[in-house]
Number of protein chains: 2
Amino acid sequence: MNLETKYWHLHNHKLMNVLSSNELKEICLITNFKTAKKGEIIYFSHDESNRVYTLKRGTIKIVEIDAKGNEIVKDILQEGDLFGQFTLTNQTLDEYAVAVSDYVTCCSFRMDDFEQIIERNPALALRYTKWMGFRLKRLENRYANLVFKDVRTRLIEFLKDWASKEGTNSNDETILKNYLTHQDIASLICSTRQTVTSLFNDLKEKGVLDYTRTEIIIKNDALLAL
Amino acid sequence: MNLETKYWHLHNHKLMNVLSSNELKEICLITNFKTAKKGEIIYFSHDESNRVYTLKRGTIKIVEIDAKGNEIVKDILQEGDLFGQFTLTNQTLDEYAVAVSDYVTCCSFRMDDFEQIIERNPALALRYTKWMGFRLKRLENRYANLVFKDVRTRLIEFLKDWASKEGTNSNDETILKNYLTHQDIASLICSTRQTVTSLFNDLKEKGVLDYTRTEIIIKNDALLAL
DNA sequence: CGGTTTTGGTCATCCAGCCGACATTTGCTT
DNA sequence: AAGCAAATGTCGGCTGGATGACCAAAACCG
């Protein structure tokens with residue numbers, strides 16, 4: 001990938017648009033780009049040196065493999081999100097990122113380099129800290145949900161959240177492009193495939209939603225009432 | 001509290017020791033100090049404007065009250081730790097900090113002011129981001145524990161962690177000053193009082209530990225073997 | 001189009017640990 | 001020292017939801 005393209009990618013990035021052109025050029029030099037198609041693996045936790053990744057286009061999921069070989073979906077990320085190692089402590093056993101949408105582009109730089117740039121660019125630093133604070137809150141929220149709410153409620157909150165982020169509204173319905181399997185959803189809300197399936201059918205029966213393998217159609221009123 | 005004392009407090013603070021004297025003085029001017037005795041409440045989430053707090057001395061717990069009026073211990077914090085609001089999204093209903101040890105000192109500043117200082121001081125920014133990354137990892141870890149491990153294991157991990165942070169070693173035993181009730185521990189590991197009590201007794205029976213209301217004595221080998 | 005893999009659907013079984021209820025112990029207060 | 005509130009102990013009943021097993025329907029692919 002040539003410098004101009006790199007520059008363009010970075011220039012349009014949420015996190016980066018506080019930087020001056022010179023600084024952007026500087027970052028370009030230390031940035032790697034990667035593209036991937038659906039299903040391809042983008043990064044491993046035990047890869048090379050600590051890197052920070054940021055997603056330019058598409059959707060990915062962060063997956064971890066547990067002792068029994070099960071795939072645990074830890075997070076779904078979208079354009080503008082950051083991922084990778086944030087600290088020195090590399091405790092995660094087997095974590096990687098998989099492309100979920102058709103075409104995914106992401107850039108990465110070595111943590112050290114990024115830190116140097118932060119050190120010289122306070123506006124970027126501030127933005128980065130805010131972003132991390134946001135992440136923290138999000139995780140805290142998820143944690144609280146897990147403790148206080150039952151599976152049914154967690155699924156409903158998950159759907160609300162998803163719909164508000166990616167749904168296309170038409171009339172009183174929201175349509176979601178469904179790129180997640182029941183298994184994926186289950187591990188996002190910490191449950192099992194079977195439970196998710198039967199909850200989905202229960203909700204369908206109650207007229208809250210309708211779905212096929214590629215789409216979920218949500219009746220807005222009915223969902224919000226829950 | 002006079003300026004010299006303030007200055008001294010900040011000067012000895014983990015987070016702040018990258019700052020020059022001038023910068024420290026600057027922070028002094030925007031910093032409030034508070035002291036509290038055991039049981040006193042230090043901060044409310046719906047207090048005034050967004051503030052960041054940092055603990056100078058002592059131990060506190062962050063507590064949340066749920067819908068049913070139960071006290072949920074969200075975190076135990078110690079010297080050098082930061083707490084308070086980190087982002088704009090103030091969703092927590094009823095969260096506050098309670099002094100657990102006898103004497104607690106903490107300082108706070110308005111988030112806005114802190115941000116301005118960060119903006120002018122990249123080294124502080126970097127340190128702050130690293131600290132947040134650490135928090136994130138910790139929470140992620142807790143989250144993973146909750147999903148994958150049963151209550152017994154969570155309690156054991158909790159004890160190991162606690163012992164390594166605060167335990168005083170003598171021979172093959174570790175002694176912990178126990179300022180937490182079974183109820184507190186229960187909510188930290190997401191369980192119930194009763195379960196914690198019976199697990200404690202089970203561990204005592206098995207010779208892993210011994211305890212009174214003020215002390216926990218852990219047999220190092222036995223605990224590590226679990 | 002046939003065969004294979006992946007995803008979704010359904011059911012019976014089972015158990016960790018929550019919950020309520022109550023007894024006992026400890027420590028604090030006046 | 002008496003009284004009281006908070007913390008600890010113990011038990012049995014109950015249930016959300018995990019687990020495993022098996023089948024049906026799509027999707028994928030040569």
Side-chain angles (χ1 to χ4, degrees), chain A residues 37-40 61 63 66-73 98 100 102 145-156 158-159 176-206 209-217, chain B residues 37-39 61 63 66-73 98 100 102 145-156 158 176-206 209-217:
Chain A
K37 285 180 209 147
K38 193 169 183 169
E40 276 187 89
K61 58 180 178 181
V63 176
D66 74 352
K68 289 176 218 148
N70 301 318
E71 210 183 53
I72 317 292
V73 180
V98 186
V100 170
D102 287 350
N145 267 347
L146 190 52
V147 177
F148 301 126
K149 316 236 169 105
D150 62 5
V151 177
R152 187 189 185 79
T153 317
R154 294 208 298 275
L155 178 62
I156 290 169
F158 171 76
L159 285 173
L176 278 169
K177 238 193 86 190
N178 181 17
Y179 47 81
L180 297 171
T181 66
H182 288 183
Q183 178 63 67
D184 286 338
I185 296 173
S187 70
L188 276 168
I189 62 172
C190 294
S191 179
T192 54
R193 211 214 80 225
Q194 293 93 321
T195 309
V196 169
T197 300
S198 51
L199 279 174
F200 255 93
N201 283 318
D202 183 53
L203 291 174
K204 189 195 229 170
E205 223 169 77
K206 297 218 166 91
L209 51 76
D210 210 339
Y211 71 101
T212 67
R213 292 200 180 193
T214 48
E215 233 183 21
I216 301 179
I217 300 162
Chain B
K37 286 180 210 147
K38 194 169 182 168
K61 57 180 179 183
V63 176
D66 75 353
K68 289 178 218 147
N70 301 318
E71 210 183 53
I72 317 292
V73 180
V98 186
V100 170
D102 287 349
N145 267 347
L146 192 52
V147 177
F148 301 126
K149 316 236 168 104
D150 63 5
V151 177
R152 188 190 183 78
T153 317
R154 294 209 297 275
L155 178 62
I156 289 168
F158 171 77
L176 277 169
K177 240 193 84 190
N178 180 17
Y179 47 80
L180 297 173
T181 66
H182 288 182
Q183 178 63 67
D184 286 338
I185 296 173
S187 69
L188 277 168
I189 63 172
C190 295
S191 177
T192 54
R193 211 213 81 224
Q194 293 93 320
T195 309
V196 169
T197 300
S198 51
L199 279 173
F200 255 91
N201 284 318
D202 183 52
L203 291 173
K204 189 195 229 168
E205 222 169 76
K206 297 218 166 88
L209 52 76
D210 210 339
Y211 72 100
T212 68
R213 288 193 186 198
T214 49
E215 233 184 22
I216 301 178
I217 300 163

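In what follows, chains are A, B, ... by sequence order, proteins preceding strands, each numbered from 1. Below, all heavy atoms of this structure are taken into account, side chains as well, without hydrogens, waters or symmetry copies.
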Is any side-chain heavy atom of A:I216 less than 4.5 Å from a side-chain heavy atom of A:F200? yes
Can a side chain N or O of A:N201 be found less than 4.0 Å away from OP1 or OP2 on C:dT10? yes
Would you mind telling me which of C:dT26, C:dG17, D:dA27 lies closest to the side-chain atoms of B:R213? C:dT26
Report the distance from atom CG of B:L155 to atom C1' of C:dA16, rounded to the nearest whole Å. 15 Å
Just how far is it from atom CG of B:L146 to atom CG of A:L146, taken to the nearest 0.5 Å? 4.5 Å
Measure the distance from CZ on B:F200 to C1' on D:dT10 and round it to the nearest whole Å. 17 Å
Near-strand residues of residues 180-191 of chain B, defined as heavy-atom separation under 4.0 angstrom from DNA chain D: B:T181, B:H182
Between B:Y211 and C:dT26, is there a side-chain N or O to OP1/OP2 distance below 4.0 Å? no
Rounded to whole Å, please give me the gap between CG in A:D150 and C1' in D:dA18. 15 Å
State, with a plain yes or no, whether a side-chain heavy atom of A:F158 is found less than 4.5 Å away from one of A:V196. no
Using distance only, find each side-chain donor-acceptor pair of residues 182-189 of chain A under 3.5 Å and give its atom names and separation, not counting sequence neighbours.
{"from": "A:H182", "atom 1": "ND1", "to": "A:T197", "atom 2": "OG1", "distance (Å)": "3.0"}
{"from": "A:D184", "atom 1": "OD1", "to": "A:K61", "atom 2": "NZ", "distance (Å)": "3.1"}
{"from": "A:D184", "atom 1": "OD2", "to": "A:K61", "atom 2": "NZ", "distance (Å)": "3.3"}
{"from": "A:D184", "atom 1": "OD2", "to": "A:T181", "atom 2": "N", "distance (Å)": "3.3"}
{"from": "A:S187", "atom 1": "OG", "to": "A:V73", "atom 2": "N", "distance (Å)": "3.0"}
{"from": "A:S187", "atom 1": "OG", "to": "A:D184", "atom 2": "O", "distance (Å)": "3.2"}

Length of the CZ-C1' vector between A:F148 and C:dC18, whole Å: 15 Å
Minimum heavy-atom separation for A:R152 and A:D202, please, with both atom names. NH1-OD2, 2.9 Å
Rounded to whole angstroms, how far apart are NZ on B:K149 and P on C:dA16? 18 Å
Tell me: CG of B:N178 to C1' of D:dA6, nearest whole Å? 14 Å
Can you find a side chain N or O atom of B:T192 that sits less than 4.0 Å from OP1 or OP2 on C:dC19? no
Taking atom P of C:dG9 as reference, at what distance in whole Å does atom CZ of A:R193 sit? 9 Å
Taking atom types as they are modelled, would you say the side chain of A:Q194 forms a donor-acceptor pair with the base of C:dG8 within the 3.5 Å cutoff? no
Do B:T153 and B:D150 have side-chain atoms, one donor and one acceptor, less than 3.5 Å apart? yes
From the set D:dG16, C:dG9, C:dG17, return the single nucleotide nearest to any side-chain atom of B:T195. C:dG17
Rounding to an integer number of Å, can you tell me how far B:E205 CD sits from D:dG9 P? 12 Å
Is there a side-chain contact between B:K204 and B:D210 (heavy atoms, below 4.5 Å)? yes
